[in-house]
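Here the structure comes first, spelled out in structure tokens, and everything after it is commentary.
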Amino acid sequence: MDPTALTTSQIHEMLKSRQASAVEIAKSHFARIEAMDKQVRACLSLTPERALAQAKRVDAAIAAGDTLSPLAGVPLAVKDVIMTRGARTTCGSRILENFVAPYDATAVQRLERAGAVIVAKTNCDEFAMGSSTENSGYFPTHNPCDLERVPGGSSGGSAAAVSAKFVTVALGTDTGGSIRQPAAFCDVVGMMGTYGRVSRYGLVAFASSLDHIGPFGRTVCDVALVLQTIAGADPLDSTCAVLPVEDYVGGLTGDVRGIRVGVPTEYLRGLNPEIGANIQKGIDRFKGLGCDIMPITLPHTDYAIACYYVIATAEASSNLARYDGVRYGYRSSQYDNLTDMYRKSRDHGFGAEVKRRIMLGTYVLSSGYYDAYYLKAQKVRTLITRDFVEAFDDVDVIVTPTSPIPPFKLGEKVDDPLQMYLADIYTVTASLAGIPGISVPCGKTPSAPHLPVGMQILAKHFDEARLLRVADAFEKAGGFHIT
Ligand code: GLN
């Protein structure tokens with residue numbers, strides 16, 4: 001059996017029954033990357049030494065008869081905005097081209113402790129700013145489902161790596177949709193927990209009040225397993241919630257009878273018919289599972305894009321001030337004085353989208369405009385959060401399309417940033433409210449070229465267990481279960 005096609009539990013069985021060793025499993029994934037990443041370009045760097053050392057540890061544990069953790073020997077890719085000790089961590093930016101992380105992010109540390117094998121660092125939009133992975137300072141990633149198309153973004157490399165079976169699971173980050181949207185584009189599962197569910201320690205900050213680390217997998221069950229491994233309090237991140245983590249995998253009972261599924265009327269207005277047809281079928285599938293479908297309203301949705309792009313850019317302008325050519329990263333070699341050094345280092349090191357956002361963010365925070373933009377956006381954020389809190393008085397989960405459009409061609413939207421921003425409409429609302437969300441495959445568009453469609457499912461704060469149970473039942477009922 002080809003180990004690259006397996007789920008985490010199948011790898012576990014294979015190791016336990018000694019059909020394959022962890023080293024063999026790791027090597028078969030590297031072989032697949034070697035053969036296919038020239039086309040997909042999901043990886044920025046590979047970590048074979050670390051992977052093989054970890055795989056050998058797993059094999060030694062098996063030989064010693066130790067109890068095997070469910071993630072032991074499972075190949076993992078990590079988005080390049082997440083710190084991995086001793087490996088290059090570029091954030092997809094030229095400004096950090098030679099930056100080697102001095103420590104591991106908490107999520108990485110927890111996964112490695114559970115036996116996962118880190119295989120690669122994946123490509124992304126520069127500092128996670130974008131929706132197509134075309135803003136990478138290195139090269140764009142291609143969608144394994146259709147190589148002429150984008151994989152989504154900003155965690156496009158992680159989504160593509162899971163979709164192309166370079167790894168079983170991956171870590172991405174989601175600030176306004178960067179896990180959910182690429183999951184939808186690459187036909188895999190991707191999840192963002194509640195803000196505070198997973199430690200951000202070791203995540204290079206884009207917009208701190210919105211940033212999350214979260215998992216990708218080819219099944220909901222694999223995503224649940226990674227999430228329950230990385231979730232939970234961390235003394236190194238004071239925004240990480242001190243709440244117990246449930247056994248998400250154990251909760252995947254398949255029983256969702258009586259679950260109240262809310263469908264926001266605002267989200268289906270004017271929807272692309274190709275996406276709409278699948279979403280309608282998805283809603284019918286929930287009915288078939290015994291759920292109650294209920295229309296709901298989220299009245300402040302129209303303001304979400306503007307609100308997100310004010311808050312996210314404001315926080316980015318502050319977070320990215322640290323790349324000054326002094327402390328780390330790229331420094332221009334020719335300059336007249338200190339100010340000139342700062343200016344040239346930032347000018348050469350950052351790409352166009354990052355500069356656009358730093359300028360936007362600086363503007364909305366500047367005296368005289370702060371109240372009109374930043375403060376106003378914060379108030380709107382509260383209203384959007386309230387929309388969800390009120391909706392969850394009546395329903396258990398909310399379903400929406402993940403993206404209003406199917407995966408588009410490389411180059412098609414790069415020159416139109418506004419159009420790219422507007423396509424984040426279904427994902428940014430949950431980010432602003434801090435609630436958890438998952439994207440699960442929901443078939444292919446009815447017309448050729450039959451592109452993947454994702455269904456987004458949202459739940460109330462810290463209701464990940466129920467969210468995963470609903471997503472798992474939906475996945476199994478659809479017959480999309482890949483393996
Ligand atoms: N596409 C959104 C943006 O460009 C979301 C990015 C993200 O979640 N990191 O900001």
Side-chain angles (χ1 to χ4, degrees), residues 47 50 54 57 69-72 74 76-87 89 91 96 99-118 121 127-128 155 158 169-175 178-179 191-216 223-251 311-312 315-316 318-322 327-328 385 431 433-437 459-465 467-468:
T47 51
R50 185 169 181 168
Q54 171 80 343
R57 274 194 292 275
S69 128
L71 276 174
V74 170
L76 165 79
V78 178
K79 185 179 182 181
D80 214 27
V81 291
I82 301 173
M83 296 285 211
T84 42
R85 183 179 23 86
T89 297
C91 301
L96 289 177
F99 181 71
V100 173
Y103 63 91
D104 277 330
T106 298
V108 168
Q109 195 187 54
R110 289 183 182 174
L111 288 170
E112 201 167 53
R113 203 176 296 153
V117 175
I118 300 166
K121 297 298 297 287
F127 288 104
S155 314
S158 287
V169 289
L171 287 181
T173 65
D174 195 313
T175 301
S178 278
I179 292 177
M191 177 159 176
M192 162 186 90
T194 307
Y195 183 79
R197 183 70 291 189
V198 176
S199 167
R200 286 181 295 116
Y201 180 71
L203 162 58
V204 178
F206 156 17
S208 310
S209 78
L210 295 155
D211 291 343
H212 306 67
I213 294 180
F216 286 98
V223 161
L225 178 60
V226 175
L227 187 70
Q228 76 187 43
T229 308
I230 61 177
D234 179 9
L236 299 170
D237 173 6
S238 62
T239 62
C240 192
V242 185
L243 286 173
V245 180
E246 289 161 82
D247 175 6
Y248 301 138
V249 175
I311 293 174
E315 293 185 22
S318 163
N319 276 325
L320 271 60
R322 73 191 67 175
R327 281 169 289 182
Y328 35 66
T385 308
S431 311
I435 58 171
K460 62 176 101 168
H461 293 103
F462 296 104
D463 204 10
E464 282 84 3
L467 178 59
L468 284 158

- Message: Under a 3.5 Å cutoff, is there a donor and acceptor pairing between the side chains of Thr47 and Lys121?
- Response: no
- Message: Is the ring pair His212/Tyr195 parallel, tilted or perpendicular, if the boundaries are 30 and 60 degrees?
- Response: perpendicular
- Flag for Lys79-Ser155: side-chain donor and acceptor within less than 3.5 Å: yes
- Query: If you take all heavy atoms of Thr385 and Ala433, which pair is closest and at what distance?
  - Reply: OG1-CA, 3.5 Å
- Task: Begin with the C-alpha distance, continue with both residues' side-chain angles, and end with the deciding distance and a verdict on side-chain contact (heavy atoms from CB on, under 4.5 Å) for Val81 and Leu203.
- Result: CA-CA 6 Å; Val81 291; Leu203 162 58; 3.8 Å; yes
- Task: Can you sort out the partners of Phe206 under ring-ring contact (aromatic ring centres under 6.0 Å, His included), two or more places apart, ordered by chain and number?
- Result: none
- Task: Could I get the full list of side chain to side chain contact (heavy atoms under 4.5 Å, CB included) partners for Asp104, not counting sequence neighbours?
- Result: Arg50, Thr84, Arg85, Val108, Gln109, Glu112
- Over all atoms of both residues, closest heavy-atom pair of Gly232 and Cys240: O-SG, 3.2 Å
- Query: Out of curiosity, Ile213 CD1 to Ile230 CD1, how far, rounded to the nearest 0.5 Å?
  - Reply: 6.5 Å
- Message: So, using side chain to side chain contact (heavy atoms under 4.5 Å, CB included) as the criterion, who are the partners of Tyr248 when residues are at least two apart?
- Response: Arg197, Ala224, Leu227, Gln228, Val245, Glu246, Glu464, Ala465, Leu468
- Taken to the nearest 0.5 Å, the spacing of Thr173 OG1 from Ile82 CD1 works out to 6.0 Å
- Should Tyr328 and Leu96 be marked as a side-chain contact (heavy atoms from CB on, under 4.5 Å) after you check the CA-CA gap, both sets of side-chain angles, and the distance that decides it? CA-CA 8 Å; Tyr328 35 66; Leu96 289 177; 4.3 Å; yes
- Message: Between Ser158 (side chain only) and Leu171 (backbone N and O only), is there a donor and an acceptor less than 3.5 Å apart?
- Response: yes
- Query: What distance separates Ile435 CD1 from Phe462 CZ, expressed to the nearest 0.5 Å?
  - Reply: 12.0 Å
- Note on the structure: Asp174 meets the salt bridge (Lys or Arg N to Asp or Glu O under 4.0 Å) criterion, sequence neighbours left out, with Arg180
- Query: Which heavy atom in Thr194 sits nearest to a heavy atom in Gly434, and how many Å separate them?
  - Reply: CG2-O, 3.3 Å
- Item | With Ser208 via side chain to side chain donor-acceptor pair (under 3.5 Å) - residues at least two apart | Asn319
- Task: Go through the structure and list residues passing side chain to side chain donor-acceptor pair (under 3.5 Å) with Thr106, not counting sequence neighbours.
- Result: Asp234
- Item | Set of residues satisfying ring-ring contact (aromatic ring centres under 6.0 Å, His included) with respect to Tyr201, sequence neighbours excluded | Tyr103
- What residues, two or more places apart in sequence or in another chain, satisfy side chain to side chain contact (heavy atoms under 4.5 Å, CB included) together with Ala207? Thr175, Leu210, Asp211, Ala312, Glu315
